[in-house]
Amino acid sequence: MKRSSFLRVAYFAGFLALLFPSHKLHADNGYDAWLRYAPLKEAERAKFAAFPSALVARSDSLLLQTSQKELIRGVRGMLGRELRVEKELPKESAILLGTLADLHLLAPELHAPELRADGFWLANDRINGHDCLIIAGATDRGTLYGVFAVLRKIAFVEGLSHLQEQQEPANPIRWVNDWDNLDGRIERGYGGRSIFFENGSVRTDLSRASDYARLLASVGINGCIVNNVNADPRVLAPDFLPQLARIADAFRAWGVRLGISVDLSSPKSLGGLDTFDPLDPRVQSWWKEKADEIYRLIPDFAGFLVKADSEGRPGPSSYGRTPADAANVVARALQLHGSIVMYRAFVYDHHLDWRNPKNDRARAAYDIFHPLDGKFDDNVIVQIKHGPIDFQVREPASPLLGTLEKTNEAIELQITQEYMGQQRHLCFLVPMWKEALDFDMRVGDRATPVKNIVSGQIFHRALGGFAGVANVGLDANWMGNPMAIANLYGFARLAWDPNLSSANIADEWTRLTFGNDPVADRTIDAMLLSSWPTYENYTGPLGAGTLTDILGSHYGPGVESSERNGWGQWHRADHDGIGMDRTIATGTGYVGQYSPEVQKEFETLAATPDSLLLFFHHVPYTYRLKSSKTVIQHIYDSHYKGAERVREFVKMWESIRNLVGDDERYEFVLKRLRYQEGHAIVWRDAVCNWFLRMSGIPDAKGRVGHSPHRIEAESMQLQGYVPVDVEPSETASGGKAVACQPPAGECAASVDFRGSSGTYQLKIQYFDQNNGKAKFRVVVAGHQLDEWVADDTLPNSKLGGDTSTRRQINGVKLHQGDEIRIEGTPDGGELAALDYVEIEP
Ligand code: GCW
């Protein structure tokens, strides 16, 4: 851009900024996530008084232009300063921006370090007698990453005057996977519809796609698979590829390469061949021609992701071929173009016979892929879920990660919270991922943590890395909750550097998202860092699995749903005990898939840590843990503790209202936390009651099955409401609710208050189905106290653990004899159903 036109743009931008100060341009609804560039306080800005005003950038490459604009934008936002772009070194201090090669031309006297791809160097040096800030990348992409790193430092108010820092990513592959369907829905997406597709086509407006790429680039993500792994073959159709090219265009300025999931049967289902046998030469040329066609449209195409022979997807087994045969045929088509295939190891039989105690889904990935080690081409990466089952709240690291010595690997982590409360529950997953990454596979009796295996370091593989299932959507805050995007941030930071600590990552995200107030930051960090153990506490304990409804939503409690079916997520809980015996001696032999040293950690009860006990062993409920509690008492205690901790989260959040800015984000998060407080109790009660019924062993602390303040709706005086059974019974208090069924247009449940006069909390447990918007009204002694519409979009149309919701009314003055009356008006299929009322002092 010519200097004069640049100035015009800059003046105009400055004028706009005056009219709309940058933090008002977007009301804080979470859209900017960690890239807010909120103005620093005056005192903080003082630290950057010497920050240069000139920005020297020689090259005009697309990524360098992006880097330049981003730096200008960030500095304007945080420091309120305008940078001036120059082509040559000015006679004043300056920022030098470019690749190492650009830099060498500008200042040959500088001694720049060697950098790996995507790495960058940040330094403060004297050039021609002036202090200069150097932001230099090995490549243009590295330069862009360097800019974001500098902007983070400014946001953290870190001085830049003694900067001397070199960063390189630990992993070459740092990709996100988005499970978007071409019709605009997202599989396991909880943040709205697809930002890429609508009605079978790529969206016309792809501004969200490029804003997404900006977010990704800011934390070093370099590839994005844009469609569901359960792939629609149409994604490869001749009329669809040019549309995909538009997404690639939207990504390109941010150095994010586009990839797609493909259906292995495409040569047949789309290409019209009578086979998709990977060893058939016609199939091989079909893939080759398809790859050539793609590269004509998308020269920087990243590659394919394949899910095959899994959950009903077609695959090489139809022709008696192996995953290596299938991966290689696709890989050879891409190899000429220098790109790759990510082949998922999530291959298992979902019709396993549950009656056979030796059957074990956890074995599948290893059993299928281990014999193929060495058979995959060099541009294939086997993408392995971090645990052997499926993103459960606690799993050991997949043994396959430790056994492919001659194969490239990537670890697949799930950012979208499918089994972790679906973005309605706060659950910061970085500490869980760290456990998988730090899991030491002890290959050859030496330290071989998963993080160093997937990076390629241990087995000297050129390729490897991270894939994260992100599933962002059109919601303003991307993931359905401004807190949930901390997981996307954390995933990317770990992909860059898996040695960063959870605390460090949490704190970075918190400060970028909510500012630098120390009290607010400490509070949010504490919430984040304890949220996964908390979620584990009130859902699935001791490695038993999440205990959610695995046949339906994967959201609310469903302890028994995993049993007596072929999906293999069994915990084998019965009247006497619980857990999967996966030992070599008496169980499924899964333990034998680990190296001998790791086997020792899990083969015996004595060695197995409590946290994974039920993953590896079947024990009686009376078995004493290392904590000295019995298993059953641990189940009860952890569930009460977990639910109690969520109550604290609400208070913690309320305590920082004025420190984080009482904006849309704040209110949104508060609402979600209050909801979570109620739903954690639904979980607690469902799981505890199920185990009480199953084991017959009472809670030593007398809580389970006794709720002194609770009045069951079915025991209230009912007008129109009728008692109904809820299935499974533990998902409603007493197994029953009351529902306002047609033809009743309005119903009421009432009870006279028998306690002593005073101030109480009223908690109404009702069901918010997703097939209507029922209305509720609470009337005490003839006065309306509260009313609301049950219009949440929880993942179920039935009464049960997914839909059970709590409304809490504080400070209610009650006199003995007051009538408490709850009125419900159904709507559509929603029955304004009630479970119980609690009146708590
Ligand atoms: O966890 C399961 C999910 C499926 C998903 C599958 C997979 C895309 O419930 O929705 O399908 O994993 O990872 O392939």
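All figures in this text were calculated on a predicted structure; none of them were measured in a lab. Whatever order the structure lists ligands and atoms in, that order sets their numbers, starting from 1. Note that these values count all heavy atoms, side chains included, but never hydrogens, waters or copies made by symmetry.
Of all protein heavy atoms, the one closest to atom 6 (C) of ligand 1 is Glu311 OE1, 3.2 Å.
Ligand 1 places these atoms under 4.0 Å from at least one heavy atom of Lys307: 6 (C), 7 (C), 8 (C), 11 (O), 14 (O). The atoms of ligand 1 that sit less than 4.0 Å from any heavy atom of Trp179 are 5 (C), 7 (C), 8 (C), 13 (O). Near Asn228, meaning under 4.0 Å from any of its heavy atoms, are these atoms of ligand 1: 8 (C). With ligand atoms numbered from 1 in the order given, ligand 1 contributes 1 (O), 2 (C), 3 (C), 9 (O) to contacts under 4.0 Å with heavy atoms of Glu418. Close approach of ligand 1 to Phe346 (heavy-atom distance below 4.0 Å) involves ligand atoms 6 (C), 7 (C), 12 (O), 13 (O), 14 (O). For ligand 1, the atoms lying closer than 4.0 Å to a non-hydrogen atom of His554 are 9 (O). The atoms of ligand 1 that sit less than 4.0 Å from any heavy atom of Asn230 are 8 (C), 11 (O). Near Arg344, with a cut-off below 4.0 Å to any heavy atom, the atoms of ligand 1 are 7 (C), 13 (O), 14 (O).
Contact check for Arg461 versus Leu404: no side-chain heavy atoms found under the 4.5 Å cut-off. At a threshold of 4.5 Å between non-hydrogen side-chain atoms, the residues Phe391 and Thr546 do not count as touching.
With no hydrogens or angles considered, a side-chain donor-acceptor pair links Ser194 and Asp180 at under 3.5 Å. Between the side chains of Asp390 and Gln414, no donor N or O sits under 3.5 Å from an acceptor N or O.
For the pair Asp390 and ligand 1, the shortest N or O to N or O distance falls below 3.5 Å. Some N or O of Arg188 is nearer than 3.5 Å to an N or O of ligand 1, by distance alone.
Nearest to atom 11 (O) of ligand 1 by heavy atom, out of Lys385, Glu412, Glu187, is Glu187.
Not counting sequence neighbours, the partners of Trp567 by the ring pair (Phe, Tyr, Trp, His ring centres under 6.0 Å) test are His350. For Arg424, the side chain to side chain contact (heavy atoms under 4.5 Å, CB included) partners two or more places apart in sequence, or in a different chain, are Tyr555, Arg672, Tyr675, Asp792, Thr793, Leu794.
You'll find the ring centres of His425 and Tyr538 inside the 6.0 Å limit.
The backbone N or O of Asn181 sits nowhere less than 3.5 Å from a side-chain atom of Asn228 that would complete a donor-acceptor pair.
Contact analysis leaves Val469 out of contact with ligand 1, as no non-hydrogen atom separation drops below 4.0 angstrom.
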Let me see the working for Phe615 and Tyr590 under ring-ring contact (aromatic ring centres under 6.0 Å, His included), right down to the final yes or no.
CA-CA 10 Å; Phe615 190 89; Tyr590 165 87; 5.8 Å; yes
